[in-house]
Amino acid sequence: MSRTITSLPFLVMLTLGLLLSVGLWTPGFAKASGTEASSDIPSIEESIEEVIDRNVENSDTAAEEASEIPAPSTCGALQVIGTQLSDENGNAVQLKGVSTLGLAWYPEYINYDCFAQLKSEWNVSLIRLAMYTAESGGYCTDGDQEYLKTLIRNGVEYATDLDMYVIIDWHILSDGNPNTYIEEAKAFFDEMSSEFAGYSNILYEICNEPNGNVSWADIKTYASEILPVIRANDPDAVILIGTPNWSQYVDQAAADPITGYDNLMYTLHYYAATHTDSLRSTFVAAMDAGLPIFVSEYGISDASGNGTLDIDQANQWMELLDDRQISCAMWSFSNRDESSAIIKSSCTKTSGFTMDDLTDSGKWLYEMLTEGTDDSSESGNSSADAADDSGSSGSGSSGSVSSTPDGLTCTAQLVNQWESDGVPFYQYTVTLENTSDADLIGWIVELTFSGSISLSDSWNGEYSLNGFTLTITPKDYNKAIAAGGILSDIGFIISGAGTLISCE
C-alpha cells in the first residue's frame with residue numbers, strides 16, 4: 001500500500017551524509033531475508049537512533065493523514081444522503097480535485113503520469129473530464145466524437161487505475177439550453193453509462209452551465225429525458241445537474257427539486273473575484289432548504305476565467321466548503337494563457353510539474369490541497385517551493401520511505417537533476433536501515449515508477465529494470481546489515497518521465 005511521507009530533518013541528512021531535497025514523497029519498496037550474520041558495519045550513535053525513531057513516527061502520522069484522502073478503494077460507490085455526498089457506509093465524503101479545460105483543446109493532460117502526480121503529490125481525489133458540446137471541436141458541432149470518447153475512456157481508466165473518482169462532464173456553454181442537443185446527449189450518456197456501469201468511481205454531470213434565458217423548468221425537462229437513460233444502465237451512480245445562470249441559481253432548484261430519483265446533486269459554480277457574499281448566502285440557503293450541492297467548477301479569478309485573483313475570497317469560499325463538506329473541482333488544469341489556468345502558459349510539460357511551472361492559481365490550489373487555506377497562499381509560497389529550489393522535479397517525487405516486517409527501512413531520495421540534449425536525468429540515493437534486533441543478510445529494493453525510465457548509471461548494488469520497476473540487490477561486500485545499522489552510498493541515475501509512485 002502506498003504511503004506518503006514527509007522528508008527527514010536536516011540533522012539526519014547531515015549525519016547520513018546525504019544531499020537530500022525537501023519534497024512530497026511516494027513509496028518505494030524494501031525486503032530482507034536471513035537473520036544471522038556477523039558484520040563489521042559500525043552502529044551509529046544512540047542520539048541519532050532516537051532522531052530516526054522520532055522521524056519514523058512522524059512518517060507514520062503523515063501516512064495516516066494521506067490515507068484519509070477519499071478513494072474508491074476505501075469509500076466505495078458514492079451515494080447522496082440528505083444534502084451530503086457519502087461513502088458506501090454512509091460516512092460524509094468531500095472530494096477535491098481539478099477540472100480539465102476542453103478535452104479537444106488540451107488532450108495532452110489526459111495521461112497517466114499527470115493524474116498520478118496529482119494523486120500522490122497534490123492529494124487530488126477527483127478529476128473532472130470537461131467535454132465541450134458546441135464550442136470549436138465540440139462533440140455536437142465540428143468535433144471528432146470518437147476521439148473525444150477515447151479521451152474520456154482513457155481518463156476514466158487512468159483515474160480508475162490510480163484509485164480516484166472521475167466526473168464525465170457534458171460541458172454545455174455557448175449552446176446555453178441543454179435541450180439544444182438533447183438527442184445527442186441521450187445517445188452519449190446511454191453509451192457511457194452502459195460501458196461504465198460496473199465502475200464505482202464515476203459521476204455523471206449532465207449539463208455544465210445552463211445560461212441565457214434558460215429556466216429551471218427547461219433544465220428539469222432536459223433532466224427528465226437524460227436521467228432515465230443513465231438509470232437504465234447504472235441505477236445508483238451520482239448524477240450532477242446544472243442550475244440556471246451558469247450554475248448559480250441553486251435557490252430555484254431548492255424550491256422545486258427533481259423527484260423520483262436517488263443520488264442526485266445540483267451544481268453551483270463560482271469564481272472568487274466575482275462571486276462573493278451574495279452567492280455564498282444563496283448557496284447556504286439552498287443547502288439549508290435540503291438541496292445537495294456539488295461545486296463541480298470554481299476558480300479564484302473573475303468570472304471570465306481571467307483577471308486579478310482574489311485570495312481572500314477564495315479562502316472564504318473554501319472554508320465554507322470545508323465546513324459543509326462540499327466536494328469541488330478547480331478550473332482549469334491547463335496552460336491556457338489566463339489567470340484561472342493552473343499551469344503557466346510557458347510550461348509545455350504534461351507531468352512532473354514543479355512550483356515554477358504553476359500559476360498563482362496553481363500555487364494556491366497546491367497549498368490548499370496539501371496544507372489548507374491561509375494568508376500565506378496569497379504569495380504563492382509553500383513548502384514545495386523549497387523542493388523546487390532544490391531540484392525536485394521532472395520525475396515528480398523527491399523521495400520515498402518504506403518498511404518491512406523484518407525491520408528494514410528503505411529511503412530513496414532524489415538528490416540531483418539536470419538536462420542533457422533535451423533529456424532529463426535524475427540522481428537518487430538509497431539508504432537502508434535495519435531497525436530490528438537481529439542482523440540481516442540479503443536485501444532487495446524495488447522502486448516502481450509510473451512511466452518509462454532508462455538506467456544510466458548505478459553504484460554499490462546490482463540493478464535490473466523490468467518495465468517500470470527498478471530492482472536493486474546487494475554486492476557481496478554490502479549484503480549484511482547489522483542490527484541497528486545503516487547502509488548508505490547506494491545510488492543510481494535514470495532518465496525518462498516516470499514518477500516514483502508505489503510499492504508492491
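For residues 195-222, the set of pairs meeting the ring-ring contact (aromatic ring centres under 6.0 Å, His included) definition, not counting sequence neighbours, comprises Phe196-Tyr199, Trp216-Tyr266. Listed by first and then second residue, the ring-ring contact (aromatic ring centres under 6.0 Å, His included) pairs involving residues 290-312 are Tyr270-Tyr298 (not counting sequence neighbours). Under the ring-ring contact (aromatic ring centres under 6.0 Å, His included) criterion, the residue pairs touching residues 79-107 are Trp105-Tyr132, with sequence neighbours excluded.
With sequence neighbours excluded, the residues satisfying salt bridge (Lys or Arg N to Asp or Glu O under 4.0 Å) with Asp169 are Arg128. Under the rule for a side chain to side chain contact (heavy atoms under 4.5 Å, CB included), Ser281 has no partner lying at least two apart in sequence or in another chain. By the salt bridge (Lys or Arg N to Asp or Glu O under 4.0 Å) test, Glu209 pairs with no residue at all, sequence neighbours left out.
Counting heavy atoms from C-beta on, the side chains of Ile206 and Ile230 come closer than 4.5 Å. Taking 4.5 Å as the limit, every side-chain heavy atom of Thr83 sits out of range of all side-chain heavy atoms of Arg324.
With values rounded to the nearest 0.5 angstrom, Thr274 atom OG1 is found 10.5 Å from Leu279 atom CG. For the atom pair CG (Leu227) and CD1 (Ile239), the distance works out to 5.0 Å, reported to the nearest 0.5 Å. Distance CG/Asn123 to CD/Glu68: 10.5 Å, rounded to 0.5 Å. The CZ atom of Arg153 lies 12.5 Å from the CG atom of Leu129; values are rounded to the nearest 0.5 Å. Atom NZ of residue Lys149 and atom CG of residue Leu103 lie 13.5 Å apart, to the nearest 0.5 angstrom.
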Trace of the side chain to side chain donor-acceptor pair (under 3.5 Å) decision for Gln94 with Asp322: CA-CA 8 Å; Gln94 183 187 25; Asp322 288 345; 3.0 Å; yes
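The closest side-chain donor-acceptor pair between Asp218 and Thr221, if any, does not fall under 3.5 angstrom. Between the side chains of Thr160 and Asn201, at least one donor N or O sits under 3.5 Å from an acceptor N or O.
Taking the ring centroids of Trp331 and Tyr271, they lie at or beyond the 6.0 Å cut-off. The distance between the ring centers of Phe333 and Phe353 falls below 6.0 angstrom.
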